[in-house]
Student: 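The structure that follows is given in the form of structure tokens.
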Amino acid sequence: HARELAARVSGDGSMTVVEGDFYTVALTGPFDVVAYWDGFGVGADADQRILLRRIAGWLAEDGCALLDVYTPWYWAAHEGSEMRFADVRRRYGFDAEGVRMLDSWWPEGREAEAVTQSLRCYGPADLRLLLKGTGLSLADIVAGGALDGEGRWHASVPLAEAMSYRAVLVR
């Protein structure tokens with residue numbers, strides 16, 4: 001989808017889509033924007049700092065990074081919520097000690113085969129602490145959306161209700 005969008009938006013080549021592992025990909029910048037969706041929080045805080053230092057090095061002087069960051073309050077409040085999609089089940093969990101969201105999926109009737117995604121959650125104050133020494137600072141926060149108790153998606157909710165927020169980071 002990103003490549004199709006880039007082709008439509010940027011016929012002059014000013015938008016480049018790069019696929020790779022943020023921790024190992026070799027990039028030469030500078031870039032005006034670096035976007036990292038649905039993956040911030042994989043690993044430990046030290047891993048996030050490594051990633052943030054790399055992003056700082058890729059950015060143009062007046063560039064920004066856009067990160068989707070999961071909130072701890074949404075995941076804590078929705079721990080145990082289950083959903084069904086055709087023949088697949090999903091359950092939200094929350095590790096309060098590690099401040100990690102847990103998102104488990106399995107085929108109906110085969111919970112032993114569950115696959116769980118675990119991401120470290122950060123409130124804005126926690127993110128500001130994490131950013132110390134990375135060369136980046138938090139310039140803005142844009143609240144994301146949330147699923148309600150009925151499984152309906154709301155694209156924009158107040159930060160206190162959001163699953164995640166978009167952090168705008170600058171050098």
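Start at 1 with the first residue, then count along the sequence. In this text, all values refer to a predicted model and were calculated from it rather than measured experimentally.
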Student: Taking the hydrophobic residues Ile, Leu, Val, Met, Phe, Trp and Tyr, and joining any pair whose side-chain heavy atoms are under 4.5 Å apart, which ones share a cluster with Leu66?
Tutor: Val33, Trp37, Val168
Student: If you round to the nearest 0.5 Å, how far is CZ of Arg128 from CG of Leu138?
Tutor: 5.0 Å
Student: Linking I/L/V/M/F/W/Y whenever their side-chain heavy atoms sit closer than 4.5 Å, directly or via other members, would Tyr36 and Val69 fall into one cluster?
Tutor: yes
Student: Looking at Glu61 and Arg171, is there a salt bridge between them, counting it only when a charged N and a carboxylate O are closer than 4.0 Å?
Tutor: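 A salt bridge links Arg171 with Glu61.
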Student: For Leu147 and His78, which heavy atoms make the closest approach, and how far apart are they?
Tutor: O-NE2, 3.9 Å
Student: Can you give me the closest heavy-atom contact between Ala167 and Leu127, atom names plus distance?
Tutor: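 In terms of heavy atoms, the two residues are closest at CB-CD2, 3.7 Å.
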Student: Please step through side chain to side chain contact (heavy atoms under 4.5 Å, CB included) for the pair Tyr23 and Asp47, ending with a clear verdict.
Tutor: CA-CA 9 Å; Tyr23 293 96; Asp47 298 314; 3.9 Å; yes
Student: Side-chain contact test, heavy atoms from C-beta onward, threshold under 4.5 Å: evaluate it for Ile55 versus Leu67 and give yes or no.
Tutor: yes
Student: Set out, in order, the CA-CA distance, both residues' side-chain angles and the distance that settles salt bridge (charged side-chain N to carboxylate O under 4.0 Å, His left out) for Glu82 and Arg89, then state yes or no.
Tutor: CA-CA 7 Å; Glu82 285 196 22; Arg89 303 273 313 176; 2.7 Å; yes
Student: Would you call Arg84-Glu108 a salt bridge at under 4.0 Å N-O?
Tutor: yes
Student: Quick one: does Met83's side chain get under 4.5 Å of Tyr92's, heavy atoms only?
Tutor: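 A side-chain contact under 4.5 Å exists here.
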Student: Treating Asp148 as the side-chain partner and Arg152 as the backbone partner, does any N or O pair qualify as donor plus acceptor under 3.5 Å?
Tutor: yes
Student: Can you sort out the partners of Phe31 under side-chain contact (heavy atoms from CB on, under 4.5 Å), two or more places apart, ordered by chain and number?
Tutor: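 Scan of Phe31 (side-chain contact (heavy atoms from CB on, under 4.5 Å), adjacent residues dropped) gives Leu27, Val34, Trp58.
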Student: Do Leu136 and Val25 sit in the same hydrophobic cluster, where Ile, Leu, Val, Met, Phe, Trp and Tyr count as joined when their side-chain heavy atoms come under 4.5 Å apart?
Tutor: yes
Student: Is there a path of hydrophobic side-chain contacts, each under 4.5 Å between heavy atoms of I/L/V/M/F/W/Y residues, joining Leu119 to Trp105?
Tutor: yes
Student: Once you round to the nearest 0.5 Å, how far does SG of Cys64 lie from CG of Leu169?
Tutor: 8.5 Å
Student: Do any N or O atoms from the side chain of Gln48 and from the backbone of Gly41 form a donor-acceptor pair under 3.5 angstrom?
Tutor: yes
Student: Membership question, hydrophobic clusters at under 4.5 Å side-chain separation (ILVMFWY): are Val142 and Tyr70 in the same one?
Tutor: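 Cluster IDs for Tyr70 and Val142 differ.
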Student: Once you round to the nearest 0.5 Å, how far does OG1 of Thr134 lie from CG of Leu51?
Tutor: 10.0 Å
Student: Which heavy-atom pair separates Cys121 from Trp75 by the least distance, and what is that distance?
Tutor: SG-CD1, 3.9 Å
Student: Decide yes or no on side chain to side chain contact (heavy atoms under 4.5 Å, CB included) for Met163 and Met101, but give the supporting numbers first.
Tutor: CA-CA 10 Å; Met163 289 174 99; Met101 63 77 81; over 6 Å; no
Student: For the residue pair Thr116 and Ser104, what are the closest heavy atoms and their distance?
Tutor: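 That closest heavy-atom pairing would be OG1-OG, 2.6 Å.
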Student: State, yes or no, whether a side-chain contact exists between Ile141 and Arg166 at a heavy-atom distance under 4.5 Å.
Tutor: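 With C-beta onward as the side chain, the pair stays apart.
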Student: How far apart are the C-alpha atoms of Leu52 and Leu130, what are their side-chain angles, what is the distance that settles it, and do they pass the side chain to side chain contact (heavy atoms under 4.5 Å, CB included) test?
Tutor: CA-CA 9 Å; Leu52 292 165; Leu130 186 72; 3.9 Å; yes
Student: Got a donor-acceptor contact below 3.5 angstrom from the Trp73 side chain to the Leu159 backbone?
Tutor: yes
Student: Nearest 0.5 Å, what's the CG-OG1 distance between Asp126 and Thr71?
Tutor: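 Asp126 atom CG to Thr71 atom OG1 measures 11.0 Å (nearest 0.5 Å).
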Student: Does Glu79 come within less than 4.0 Å of Arg91, counting only side-chain N to carboxylate O?
Tutor: no
Student: Between Phe94 and Val99, what is the shortest heavy-atom contact and its length?
Tutor: CZ-CA, 4.0 Å
Student: Taking the six-membered ring of Tyr122, is NZ or CZ of Arg120 closer than 6.0 Å to its centre and within 45° of its axis?
Tutor: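 Positive - Arg120 is close enough to the ring of Tyr122 and near enough to its axis.
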Student: Quick one about Arg100 and Ser118 (side-chain donor to acceptor, distance below 3.5 Å, no hydrogens or angles considered), yes or no?
Tutor: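 Looking only at side-chain atoms, Arg100 and Ser118 do form a donor-acceptor pair, the distance falling under 3.5 Å.
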Student: Looking only at heavy atoms, which two atoms of Ala162 and Ala146 are closest? And how far apart?
Tutor: CA-CB, 4.5 Å
Student: Are Val115 and Leu102 connected in the hydrophobic side-chain network, where two residues link if heavy atoms are under 4.5 Å apart?
Tutor: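 Each belongs to a different hydrophobic cluster.
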Student: Where do Val157 and Tyr74 land on the side chain to side chain contact (heavy atoms under 4.5 Å, CB included) test, with the steps shown first?
Tutor: CA-CA 11 Å; Val157 298; Tyr74 177 87; over 6 Å; no
